[in-house]
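Below you'll find the structure, written out as C-alpha coordinates, and then a few comments.
Every chain is numbered from 1, with letters handed out A, B, ... down the list of sequences.
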Amino acid sequence: MQKPSLPKGTRDFGPAQMAKRAYILRTITKTFKKFGFQALETPAMENLSTLTGKYGDEGDQLLFKILNSGDFLKQVEASDLAEGPGHVLPKVAEKGLRYDLTVPFARYVVMNRNELAFPFKRYQVQPVWRADRPQRGRYREFYQCDADVVGTESLLCEVEIIAMIQEVFAELKIENYQLKINNRKVLTGIAEVIGAAGKESALCVAIDKLDKIGWEKVQEELAERGFSEEARTALAPLVAHTGDVAETLTFLSSYLAPSTIGMEGVAELRTVFSLLQTYGASPKGIVLDVMLARGLSYYTGAIFEVQVPDTGIGSVSGGGRYDNLTGVFGWEGVPGVGFSFGVDRLYDVLEVLQLFPEEAVEVSDYLLVHFDAKGFQYGLSLLAQLRAAGLAVELYPEPTKMKKQLAYATKKGIRRVLLLGDDEIAAGR
RNA sequence: GUGAUUGUAGCUCAGUUGGUUAGAGCGCUGGUUUGUGGCACCAGAGGUCGCCGGUUCGAGUCCGGUCUUUCACCCCA
(Lines give C-alpha, C1' and ligand atoms only; values in the text may rest on other atoms or scores of the structure.)
Protein backbone atom coordinates (compact mmCIF):
# COMPACT_ATOMS: atom_id res chain seq x y z
CA MET A 1 0.00 0.00 0.00
CA GLN A 2 1.31 3.44 -0.83
CA LYS A 3 0.96 6.64 1.10
CA PRO A 4 -1.23 9.07 -0.81
CA SER A 5 0.26 12.43 -1.59
CA LEU A 6 -0.33 15.57 -3.64
CA PRO A 7 1.74 16.87 -6.52
CA LYS A 8 4.11 19.60 -5.48
CA GLY A 9 2.52 23.01 -5.19
CA THR A 10 -1.11 21.83 -5.25
CA ARG A 11 -3.70 21.80 -2.47
CA ASP A 12 -7.01 20.30 -1.46
CA PHE A 13 -9.73 22.67 -0.32
CA GLY A 14 -11.73 21.14 2.50
CA PRO A 15 -15.32 22.10 3.41
CA ALA A 16 -14.28 24.96 5.71
CA GLN A 17 -11.94 26.44 3.12
CA MET A 18 -14.43 25.98 0.31
CA ALA A 19 -17.08 27.91 2.25
CA LYS A 20 -14.69 30.81 2.78
CA ARG A 21 -13.50 30.77 -0.82
CA ALA A 22 -17.09 30.74 -2.02
CA TYR A 23 -17.75 33.80 0.12
CA ILE A 24 -14.90 35.66 -1.59
CA LEU A 25 -15.90 34.57 -5.08
CA ARG A 26 -19.57 35.41 -4.53
CA THR A 27 -18.59 38.90 -3.48
CA ILE A 28 -16.31 39.43 -6.45
CA THR A 29 -18.58 38.00 -9.13
CA LYS A 30 -21.56 39.92 -7.78
CA THR A 31 -19.63 43.14 -8.30
CA PHE A 32 -18.42 42.14 -11.75
CA LYS A 33 -21.97 41.46 -12.86
CA LYS A 34 -23.16 44.74 -11.45
CA PHE A 35 -20.70 46.52 -13.73
CA GLY A 36 -21.90 44.65 -16.81
CA PHE A 37 -19.26 41.95 -17.05
CA GLN A 38 -20.28 38.53 -18.33
CA ALA A 39 -18.86 35.14 -17.42
CA LEU A 40 -16.47 33.26 -19.67
CA GLU A 41 -14.81 29.89 -19.22
CA THR A 42 -12.13 28.43 -21.43
CA PRO A 43 -10.60 24.93 -21.41
CA ALA A 44 -7.91 23.98 -18.91
CA MET A 45 -5.76 22.94 -21.86
CA GLU A 46 -4.86 24.98 -24.89
CA ASN A 47 -2.83 24.16 -27.96
CA LEU A 48 0.79 24.67 -27.07
CA SER A 49 1.11 26.97 -30.08
CA THR A 50 -1.46 29.27 -28.44
CA LEU A 51 0.58 29.48 -25.27
CA THR A 52 4.23 29.48 -26.27
CA GLY A 53 5.97 32.73 -27.00
CA LYS A 54 3.44 34.79 -25.05
CA TYR A 55 5.22 34.93 -21.72
CA GLY A 56 8.87 35.22 -22.70
CA ASP A 57 11.51 32.51 -22.53
CA GLU A 58 11.09 32.06 -18.80
CA GLY A 59 7.35 31.81 -19.13
CA ASP A 60 7.67 29.08 -21.75
CA GLN A 61 9.72 27.08 -19.28
CA LEU A 62 7.01 27.45 -16.66
CA LEU A 63 4.31 26.01 -18.92
CA PHE A 64 3.00 22.57 -18.06
CA LYS A 65 3.04 20.52 -21.24
CA ILE A 66 0.72 17.60 -21.87
CA LEU A 67 2.25 14.50 -23.36
CA ASN A 68 0.44 13.37 -26.52
CA SER A 69 -1.83 10.37 -26.11
CA GLY A 70 -0.88 7.01 -27.56
CA ASP A 71 2.56 6.51 -29.01
CA PHE A 72 3.92 9.95 -28.26
CA LEU A 73 7.33 9.02 -29.64
CA LYS A 74 6.17 8.10 -33.12
CA GLN A 75 7.22 11.39 -34.71
CA VAL A 76 10.55 11.56 -32.93
CA GLU A 77 13.69 10.68 -34.88
CA ALA A 78 17.07 9.91 -33.38
CA SER A 79 18.30 13.16 -34.92
CA ASP A 80 15.69 15.11 -32.95
CA LEU A 81 16.98 13.68 -29.70
CA ALA A 82 20.47 14.75 -30.60
CA GLU A 83 19.27 18.30 -31.21
CA GLY A 84 17.94 18.64 -27.69
CA PRO A 85 14.65 19.00 -25.82
CA GLY A 86 13.53 22.06 -27.73
CA HIS A 87 13.42 20.00 -30.88
CA VAL A 88 11.64 17.03 -29.33
CA LEU A 89 8.99 18.96 -27.39
CA PRO A 90 6.71 20.00 -30.28
CA LYS A 91 6.70 16.39 -31.49
CA VAL A 92 5.65 14.83 -28.20
CA ALA A 93 3.36 17.51 -26.78
CA GLU A 94 0.84 19.57 -28.70
CA LYS A 95 -1.19 20.77 -25.71
CA GLY A 96 -0.42 22.59 -22.49
CA LEU A 97 -2.23 23.80 -19.37
CA ARG A 98 -3.23 27.45 -19.38
CA TYR A 99 -0.71 29.75 -17.74
CA ASP A 100 -3.02 32.71 -17.22
CA LEU A 101 -6.51 33.81 -18.27
CA THR A 102 -5.53 36.72 -20.48
CA VAL A 103 -4.07 34.78 -23.39
CA PRO A 104 -6.99 32.32 -23.62
CA PHE A 105 -9.29 35.36 -23.47
CA ALA A 106 -7.45 37.01 -26.35
CA ARG A 107 -7.69 33.75 -28.30
CA TYR A 108 -11.42 33.62 -27.61
CA VAL A 109 -11.95 37.22 -28.68
CA VAL A 110 -10.15 36.68 -31.98
CA MET A 111 -12.01 33.45 -32.71
CA ASN A 112 -15.39 35.05 -31.95
CA ARG A 113 -14.85 38.59 -33.13
CA ASN A 114 -17.85 38.54 -35.42
CA GLU A 115 -20.30 37.47 -32.74
CA LEU A 116 -19.19 39.59 -29.82
CA ALA A 117 -20.62 42.97 -28.90
CA PHE A 118 -17.75 45.41 -28.47
CA PRO A 119 -16.64 46.79 -26.14
CA PHE A 120 -16.70 43.25 -24.76
CA LYS A 121 -16.64 42.94 -20.98
CA ARG A 122 -15.98 39.53 -19.50
CA TYR A 123 -14.95 38.06 -16.20
CA GLN A 124 -13.33 34.70 -15.73
CA VAL A 125 -12.61 32.72 -12.58
CA GLN A 126 -10.59 29.60 -13.22
CA PRO A 127 -7.41 27.86 -12.10
CA VAL A 128 -4.14 28.36 -13.93
CA TRP A 129 -0.97 26.28 -13.74
CA ARG A 130 2.68 27.22 -13.56
CA ALA A 131 5.63 24.86 -13.20
CA ASP A 132 7.24 27.28 -10.79
CA ARG A 133 8.99 26.29 -7.60
CA PRO A 134 6.39 26.70 -4.86
CA GLN A 135 6.82 29.03 -1.90
CA ARG A 136 4.52 30.51 0.67
CA GLY A 137 1.62 32.07 -1.21
CA ARG A 138 2.88 30.66 -4.52
CA TYR A 139 1.44 27.52 -5.91
CA ARG A 140 1.65 25.47 -9.11
CA GLU A 141 -2.13 25.49 -9.36
CA PHE A 142 -3.96 28.62 -8.28
CA TYR A 143 -7.05 30.60 -9.19
CA GLN A 144 -7.15 33.82 -11.10
CA CYS A 145 -10.14 36.04 -11.13
CA ASP A 146 -9.94 38.36 -14.11
CA ALA A 147 -12.17 41.09 -15.49
CA ASP A 148 -11.27 42.76 -18.79
CA VAL A 149 -12.80 45.16 -21.25
CA VAL A 150 -11.63 44.81 -24.81
CA GLY A 151 -12.34 47.09 -27.75
CA THR A 152 -12.30 50.60 -26.31
CA GLU A 153 -9.77 53.19 -25.25
CA SER A 154 -12.22 54.97 -23.01
CA LEU A 155 -10.78 55.84 -19.65
CA LEU A 156 -14.18 55.11 -18.16
CA CYS A 157 -12.97 51.51 -18.01
CA GLU A 158 -10.13 52.51 -15.72
CA VAL A 159 -12.54 54.41 -13.54
CA GLU A 160 -14.88 51.44 -13.33
CA ILE A 161 -12.05 49.10 -12.43
CA ILE A 162 -11.12 51.38 -9.56
CA ALA A 163 -14.74 51.53 -8.48
CA MET A 164 -15.06 47.74 -8.60
CA ILE A 165 -11.97 47.26 -6.50
CA GLN A 166 -13.31 49.73 -3.95
CA GLU A 167 -16.66 47.99 -3.88
CA VAL A 168 -15.20 44.52 -3.42
CA PHE A 169 -12.93 45.65 -0.61
CA ALA A 170 -15.81 47.46 1.07
CA GLU A 171 -17.99 44.32 0.84
CA LEU A 172 -15.20 42.21 2.28
CA LYS A 173 -14.85 44.77 5.08
CA ILE A 174 -11.17 45.40 4.36
CA GLU A 175 -10.76 48.96 5.62
CA ASN A 176 -7.07 49.54 5.25
CA TYR A 177 -5.79 49.00 1.73
CA GLN A 178 -3.78 50.88 -0.84
CA LEU A 179 -4.99 51.03 -4.41
CA LYS A 180 -1.91 52.16 -6.27
CA ILE A 181 -2.30 53.72 -9.68
CA ASN A 182 0.26 54.73 -12.25
CA ASN A 183 0.57 54.98 -16.02
CA ARG A 184 3.04 53.23 -18.21
CA LYS A 185 3.42 56.36 -20.33
CA VAL A 186 4.63 58.19 -17.25
CA LEU A 187 7.30 55.56 -16.82
CA THR A 188 8.27 55.88 -20.47
CA GLY A 189 8.43 59.63 -19.97
CA ILE A 190 10.65 59.21 -16.93
CA ALA A 191 13.06 57.06 -18.97
CA GLU A 192 13.20 59.81 -21.60
CA VAL A 193 13.67 62.60 -19.09
CA ILE A 194 16.54 60.92 -17.29
CA GLY A 195 18.23 60.26 -20.63
CA ALA A 196 17.63 56.54 -20.77
CA ALA A 197 14.97 56.46 -23.48
CA GLY A 198 13.97 52.97 -24.54
CA LYS A 199 15.34 51.35 -21.42
CA GLU A 200 12.05 51.60 -19.56
CA SER A 201 11.54 47.86 -19.19
CA ALA A 202 14.86 47.56 -17.37
CA LEU A 203 13.86 50.66 -15.41
CA CYS A 204 10.55 49.07 -14.51
CA VAL A 205 12.08 45.82 -13.33
CA ALA A 206 14.46 47.69 -11.05
CA ILE A 207 12.03 50.32 -9.82
CA ASP A 208 9.43 47.71 -9.04
CA LYS A 209 11.66 46.49 -6.23
CA LEU A 210 11.84 49.87 -4.53
CA ASP A 211 9.53 48.81 -1.71
CA LYS A 212 11.34 45.56 -1.25
CA ILE A 213 15.04 46.40 -1.40
CA GLY A 214 15.21 50.19 -1.02
CA TRP A 215 16.59 53.04 -3.11
CA GLU A 216 20.26 52.20 -2.51
CA LYS A 217 19.96 48.70 -3.90
CA VAL A 218 17.79 49.87 -6.77
CA GLN A 219 20.53 52.30 -7.75
CA GLU A 220 23.07 49.48 -7.73
CA GLU A 221 20.82 47.40 -9.93
CA LEU A 222 20.24 50.32 -12.30
CA ALA A 223 24.01 50.82 -12.55
CA GLU A 224 24.42 47.15 -13.42
CA ARG A 225 21.80 47.52 -16.12
CA GLY A 226 23.72 50.35 -17.70
CA PHE A 227 22.04 53.45 -16.29
CA SER A 228 24.49 56.33 -16.01
CA GLU A 229 25.29 58.32 -12.90
CA GLU A 230 23.40 61.29 -14.37
CA ALA A 231 20.35 59.15 -15.05
CA ARG A 232 20.26 57.92 -11.48
CA THR A 233 20.74 61.42 -10.11
CA ALA A 234 17.93 62.70 -12.32
CA LEU A 235 15.69 59.97 -10.96
CA ALA A 236 16.34 60.85 -7.32
CA PRO A 237 13.87 63.75 -6.88
CA LEU A 238 11.11 61.52 -8.23
CA VAL A 239 11.91 58.76 -5.76
CA ALA A 240 12.00 61.29 -2.94
CA HIS A 241 8.69 62.91 -3.92
CA THR A 242 5.71 62.44 -1.66
CA GLY A 243 2.31 64.08 -1.75
CA ASP A 244 -1.34 63.56 -2.50
CA VAL A 245 -2.77 63.00 -5.95
CA ALA A 246 -3.06 66.68 -6.89
CA GLU A 247 0.43 67.52 -5.71
CA THR A 248 1.93 64.55 -7.50
CA LEU A 249 0.19 65.48 -10.76
CA THR A 250 1.56 69.02 -10.49
CA PHE A 251 5.02 67.69 -9.78
CA LEU A 252 4.86 65.33 -12.76
CA SER A 253 3.66 68.07 -15.08
CA SER A 254 6.89 69.95 -14.60
CA TYR A 255 9.20 66.93 -14.20
CA LEU A 256 7.95 65.33 -17.41
CA ALA A 257 7.54 68.54 -19.44
CA PRO A 258 10.30 67.59 -21.90
CA SER A 259 8.61 64.29 -22.74
CA THR A 260 5.57 64.26 -25.02
CA ILE A 261 4.59 60.73 -24.10
CA GLY A 262 5.15 61.41 -20.43
CA MET A 263 2.77 64.36 -20.57
CA GLU A 264 0.24 62.14 -22.32
CA GLY A 265 0.41 59.81 -19.35
CA VAL A 266 -0.10 62.68 -16.95
CA ALA A 267 -3.11 63.84 -18.95
CA GLU A 268 -4.62 60.35 -18.82
CA LEU A 269 -4.14 60.22 -15.07
CA ARG A 270 -5.78 63.65 -14.72
CA THR A 271 -8.76 62.45 -16.75
CA VAL A 272 -9.12 59.27 -14.72
CA PHE A 273 -9.11 61.18 -11.43
CA SER A 274 -11.53 63.73 -12.78
CA LEU A 275 -13.96 61.05 -14.03
CA LEU A 276 -13.61 59.26 -10.73
CA GLN A 277 -14.75 62.39 -8.94
CA THR A 278 -17.73 62.81 -11.22
CA TYR A 279 -18.66 59.17 -10.74
CA GLY A 280 -18.73 59.90 -7.05
CA ALA A 281 -16.07 57.44 -5.97
CA SER A 282 -14.45 58.13 -2.66
CA PRO A 283 -10.73 58.86 -2.84
CA LYS A 284 -10.31 56.37 0.00
CA GLY A 285 -7.29 54.14 -0.35
CA ILE A 286 -6.25 55.55 -3.71
CA VAL A 287 -2.58 56.37 -4.11
CA LEU A 288 -0.89 57.79 -7.18
CA ASP A 289 2.44 55.99 -7.05
CA VAL A 290 4.82 57.04 -9.82
CA MET A 291 7.18 54.26 -8.81
CA LEU A 292 4.60 51.55 -9.41
CA ALA A 293 5.83 49.58 -12.38
CA ARG A 294 4.61 45.93 -12.21
CA GLY A 295 6.78 43.44 -13.96
CA LEU A 296 4.55 42.82 -16.95
CA SER A 297 5.90 44.34 -20.09
CA TYR A 298 2.71 44.47 -22.12
CA TYR A 299 0.99 47.27 -20.22
CA THR A 300 0.87 50.50 -22.19
CA GLY A 301 -1.40 52.78 -20.19
CA ALA A 302 -2.88 52.64 -16.71
CA ILE A 303 -1.34 50.30 -14.16
CA PHE A 304 -3.06 49.14 -10.96
CA GLU A 305 -1.98 47.28 -7.90
CA VAL A 306 -3.65 46.74 -4.53
CA GLN A 307 -1.87 46.02 -1.30
CA VAL A 308 -3.11 45.47 2.21
CA PRO A 309 -0.46 46.79 4.61
CA ASP A 310 0.62 44.99 7.77
CA THR A 311 -0.39 41.56 6.59
CA GLY A 312 2.90 40.37 5.17
CA ILE A 313 1.05 39.35 2.04
CA GLY A 314 1.99 40.68 -1.38
CA SER A 315 -0.30 42.42 -3.80
CA VAL A 316 -3.84 41.01 -3.83
CA SER A 317 -4.96 42.57 -7.08
CA GLY A 318 -3.38 44.12 -10.10
CA GLY A 319 -3.86 45.00 -13.72
CA GLY A 320 -3.52 47.58 -16.40
CA ARG A 321 -4.16 48.69 -19.96
CA TYR A 322 -2.64 47.10 -23.03
CA ASP A 323 -2.95 48.52 -26.53
CA ASN A 324 -2.70 45.35 -28.47
CA LEU A 325 -4.23 42.40 -26.73
CA THR A 326 -5.03 40.34 -29.78
CA GLY A 327 -2.08 41.23 -32.01
CA VAL A 328 -0.30 37.95 -31.34
CA PHE A 329 -3.28 36.16 -32.87
CA GLY A 330 -3.26 38.32 -35.97
CA TRP A 331 -5.84 40.94 -35.07
CA GLU A 332 -3.96 44.19 -34.60
CA GLY A 333 -4.84 47.31 -32.74
CA VAL A 334 -7.52 46.10 -30.34
CA PRO A 335 -7.03 47.82 -27.00
CA GLY A 336 -8.02 46.37 -23.67
CA VAL A 337 -7.82 47.01 -19.99
CA GLY A 338 -8.25 44.55 -17.19
CA PHE A 339 -7.29 43.42 -13.77
CA SER A 340 -7.25 40.39 -11.58
CA PHE A 341 -7.96 39.49 -7.96
CA GLY A 342 -5.62 37.01 -6.32
CA VAL A 343 -8.17 34.80 -4.63
CA ASP A 344 -5.62 32.82 -2.64
CA ARG A 345 -3.96 35.92 -1.29
CA LEU A 346 -7.28 37.58 -0.56
CA TYR A 347 -8.13 34.47 1.45
CA ASP A 348 -4.91 34.85 3.45
CA VAL A 349 -5.59 38.54 4.06
CA LEU A 350 -9.09 37.88 5.36
CA GLU A 351 -7.73 35.09 7.54
CA VAL A 352 -5.00 37.28 9.01
CA LEU A 353 -7.40 40.15 9.65
CA GLN A 354 -10.08 37.74 10.91
CA LEU A 355 -12.66 39.19 8.57
CA PHE A 356 -14.49 36.04 7.53
CA PRO A 357 -18.08 36.30 8.74
CA GLU A 358 -19.27 33.34 10.80
CA GLU A 359 -22.00 32.55 8.35
CA ALA A 360 -19.36 31.96 5.70
CA VAL A 361 -19.05 28.43 7.05
CA GLU A 362 -21.79 26.36 5.51
CA VAL A 363 -23.17 23.87 7.97
CA SER A 364 -26.56 22.32 8.71
CA ASP A 365 -28.96 24.27 10.91
CA TYR A 366 -30.17 21.21 12.82
CA LEU A 367 -29.21 17.63 13.53
CA LEU A 368 -31.99 15.24 14.45
CA VAL A 369 -30.84 12.96 17.23
CA HIS A 370 -32.71 9.73 17.94
CA PHE A 371 -32.58 7.19 20.76
CA ASP A 372 -34.22 4.21 19.11
CA ALA A 373 -35.98 2.99 15.98
CA LYS A 374 -39.09 4.90 16.91
CA GLY A 375 -37.21 8.17 17.18
CA PHE A 376 -35.47 7.45 13.88
CA GLN A 377 -38.80 6.86 12.13
CA TYR A 378 -40.20 10.04 13.60
CA GLY A 379 -37.09 11.98 12.58
CA LEU A 380 -37.40 10.67 9.05
CA SER A 381 -40.98 11.96 8.87
CA LEU A 382 -39.80 15.41 10.00
CA LEU A 383 -36.90 15.74 7.56
CA ALA A 384 -38.80 16.72 4.43
CA GLN A 385 -40.99 19.19 6.34
CA LEU A 386 -38.05 20.99 7.85
CA ARG A 387 -36.19 21.03 4.55
CA ALA A 388 -39.27 22.37 2.77
CA ALA A 389 -39.22 25.20 5.30
CA GLY A 390 -35.80 26.10 3.96
CA LEU A 391 -33.72 24.66 6.78
CA ALA A 392 -30.60 22.59 6.27
CA VAL A 393 -31.30 19.52 8.35
CA GLU A 394 -29.82 16.08 8.73
CA LEU A 395 -30.83 12.96 10.58
CA TYR A 396 -28.04 10.86 12.04
CA PRO A 397 -28.14 7.84 9.75
CA GLU A 398 -27.21 5.07 12.17
CA PRO A 399 -28.70 3.79 15.39
CA THR A 400 -26.13 4.68 17.97
CA LYS A 401 -25.89 6.26 21.36
CA MET A 402 -26.58 9.88 21.83
CA LYS A 403 -23.07 10.68 22.91
CA LYS A 404 -21.79 9.79 19.47
CA GLN A 405 -24.55 11.71 17.71
CA LEU A 406 -23.90 14.84 19.77
CA ALA A 407 -20.17 14.52 19.25
CA TYR A 408 -20.85 14.47 15.51
CA ALA A 409 -22.86 17.68 15.80
CA THR A 410 -20.13 19.33 17.85
CA LYS A 411 -17.34 18.35 15.52
CA LYS A 412 -19.22 19.43 12.44
CA GLY A 413 -20.23 22.71 14.06
CA ILE A 414 -23.99 22.14 13.97
CA ARG A 415 -25.30 24.49 16.61
CA ARG A 416 -28.76 23.06 17.21
CA VAL A 417 -29.99 19.53 17.70
CA LEU A 418 -33.47 18.12 18.08
CA LEU A 419 -33.68 15.17 20.47
CA LEU A 420 -36.33 12.70 19.43
CA GLY A 421 -37.36 10.67 22.44
CA ASP A 422 -40.68 9.23 23.55
CA ASP A 423 -41.65 12.36 25.52
CA GLU A 424 -40.94 14.70 22.62
CA ILE A 425 -42.79 12.55 20.13
CA ALA A 426 -45.75 12.30 22.46
CA ALA A 427 -45.72 16.08 22.90
CA GLY A 428 -45.71 16.51 19.13
CA ARG A 429 -42.37 18.26 19.02
C1' G B 1 16.74 27.06 -13.20
C1' U B 2 20.51 28.64 -8.64
C1' G B 3 21.54 28.27 -3.24
C1' A B 4 19.89 26.67 1.47
C1' U B 5 16.37 23.96 4.66
C1' U B 6 12.85 20.15 6.51
C1' G B 7 10.99 14.92 7.08
C1' U B 8 9.83 10.29 13.89
C1' A B 9 1.97 7.97 15.74
C1' G B 10 -3.94 11.26 12.66
C1' C B 11 -1.69 16.39 14.59
C1' U B 12 2.40 19.18 17.34
C1' C B 13 6.97 17.53 18.74
C1' A B 14 10.96 14.76 22.24
C1' G B 15 14.67 11.04 21.30
C1' U B 16 21.21 12.43 24.93
C1' U B 17 29.05 11.08 21.91
C1' G B 18 25.46 5.54 16.97
C1' G B 19 23.84 0.45 21.64
C1' U B 20 18.21 -3.97 23.86
C1' U B 21 11.02 -4.02 23.18
C1' A B 22 11.15 4.40 19.73
C1' G B 23 8.33 8.21 23.76
C1' A B 24 4.96 12.61 25.36
C1' G B 25 0.79 15.87 24.75
C1' C B 26 -3.46 16.42 21.92
C1' G B 27 -6.75 13.56 18.89
C1' C B 28 -9.03 8.67 18.00
C1' U B 29 -11.72 3.94 19.86
C1' G B 30 -14.06 1.60 24.06
C1' G B 31 -15.66 2.06 29.21
C1' U B 32 -17.29 4.67 34.01
C1' U B 33 -22.86 6.73 32.04
C1' U B 34 -29.62 1.65 28.33
C1' G B 35 -31.96 10.30 27.90
C1' U B 36 -27.96 15.03 27.22
C1' G B 37 -21.77 15.47 24.03
C1' G B 38 -17.60 19.65 25.25
C1' C B 39 -14.98 18.24 31.90
C1' A B 40 -12.81 14.13 34.76
C1' C B 41 -11.03 9.20 35.41
C1' C B 42 -9.82 4.13 33.39
C1' A B 43 -8.42 1.01 29.31
C1' G B 44 -6.96 0.40 24.20
C1' A B 45 -5.52 0.86 19.07
C1' G B 46 -1.96 3.26 15.99
C1' G B 47 5.00 4.11 13.73
C1' U B 48 9.34 -1.25 8.70
C1' C B 49 11.64 6.72 12.25
C1' G B 50 9.97 9.99 3.91
C1' C B 51 12.23 6.41 0.29
C1' C B 52 16.71 3.77 -1.75
C1' G B 53 21.62 2.57 -0.99
C1' G B 54 26.33 2.85 1.94
C1' U B 55 29.65 2.85 6.60
C1' U B 56 29.36 -0.26 11.21
C1' C B 57 29.21 -6.02 15.32
C1' G B 58 24.97 -2.55 15.67
C1' A B 59 21.80 3.36 12.31
C1' G B 60 15.88 7.25 14.15
C1' U B 61 21.05 9.03 15.10
C1' C B 62 26.82 9.09 10.44
C1' C B 63 27.54 9.39 4.68
C1' G B 64 25.49 9.56 -0.58
C1' G B 65 21.31 9.80 -3.74
C1' U B 66 16.12 10.69 -4.38
C1' C B 67 11.33 12.63 -3.11
C1' U B 68 8.88 16.10 0.07
C1' U B 69 8.47 20.77 3.12
C1' U B 70 9.95 25.61 3.97
C1' C B 71 13.00 29.94 2.60
C1' A B 72 16.01 33.35 -0.48
C1' C B 73 17.22 34.50 -5.75
C1' C B 74 14.83 34.65 -10.67
C1' C B 75 9.96 35.64 -11.87
C1' C B 76 5.13 36.17 -10.55
C1' A B 77 -0.87 35.81 -8.40
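- Base pairing analysis places B/rC39 opposite nothing; no Watson-Crick or G-U wobble pair with both distances below 3.5 Å involves it.
- For B/rU70, its base never sits under 3.5 Å from the side chain of A/Arg133 at any donor and acceptor pair.
- The only option from A/Tyr123, A/Phe37, A/Tyr322 that meets the side chain to side chain contact (heavy atoms under 4.5 Å, CB included) definition with A/Asp148 turns out to be A/Tyr322.
- Distances were taken from every side-chain heavy atom of A/Met402 (C-beta onward) to each of B/rU68, B/rA77, B/rG35; the shortest belongs to B/rG35.
- Across every non-hydrogen atom of A/Cys157 and A/Arg321, the tightest pair is CB-NH2, 4.1 Å.
- Among B/rC76, B/rG35, B/rC75, the nucleotide with an atom closest to any side-chain atom of A/Glu58 is B/rC75.
- Between A/Lys404 and A/Tyr139, the residue anchored closer to the 5' end of RNA chain B is A/Lys404, taking for each the nucleotide with the nearest heavy atom.
- Atom CD in A/Glu221 sits about 11 Å away from atom C1' in B/rC74, given to the nearest Å.
- In the set B/rU68, B/rG35, B/rG30, B/rG35 carries the atom at the smallest distance from any side-chain atom of A/Leu419.
- Only the P atoms considered, B/rA43 is 38 Å distant from B/rU6, to the nearest whole Å.
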Decide salt bridge (charged side-chain N to carboxylate O under 4.0 Å, His left out) for A/Asp132 and A/Arg138; before the verdict, give the C-alpha distance in whole Å, the side-chain angles of both, and the deciding distance to 0.1 Å.
-> CA-CA 8 Å; A/Asp132 209 350; A/Arg138 294 177 66 172; 2.6 Å; yes
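- Note on A/Asp344 versus A/Arg11: salt bridge recorded, some NZ/NE/NH1/NH2 to OD/OE distance being below 4.0 Å.
- Proximity of A/Gln135 to the phosphate of B/rU70: no side-chain N or O atom is located under 4.0 Å from OP1 or OP2.
- Judged by Watson-Crick or G-U wobble contacts below 3.5 Å, the nucleotide B/rU17 has no partner.
- Here the nucleotide nearest the side chain of A/Arg225, chosen from B/rC75, B/rG30, B/rU32, is B/rC75.
- Using Watson-Crick or G-U wobble geometry with both donor-acceptor distances under 3.5 Å, B/rG25 finds its partner in B/rC11.
- Contacts of A/Ser315 with the nucleic acid, taken as non-hydrogen atoms under 4.0 Å apart, involve only primed sugar atoms and P, OP1 or OP2.
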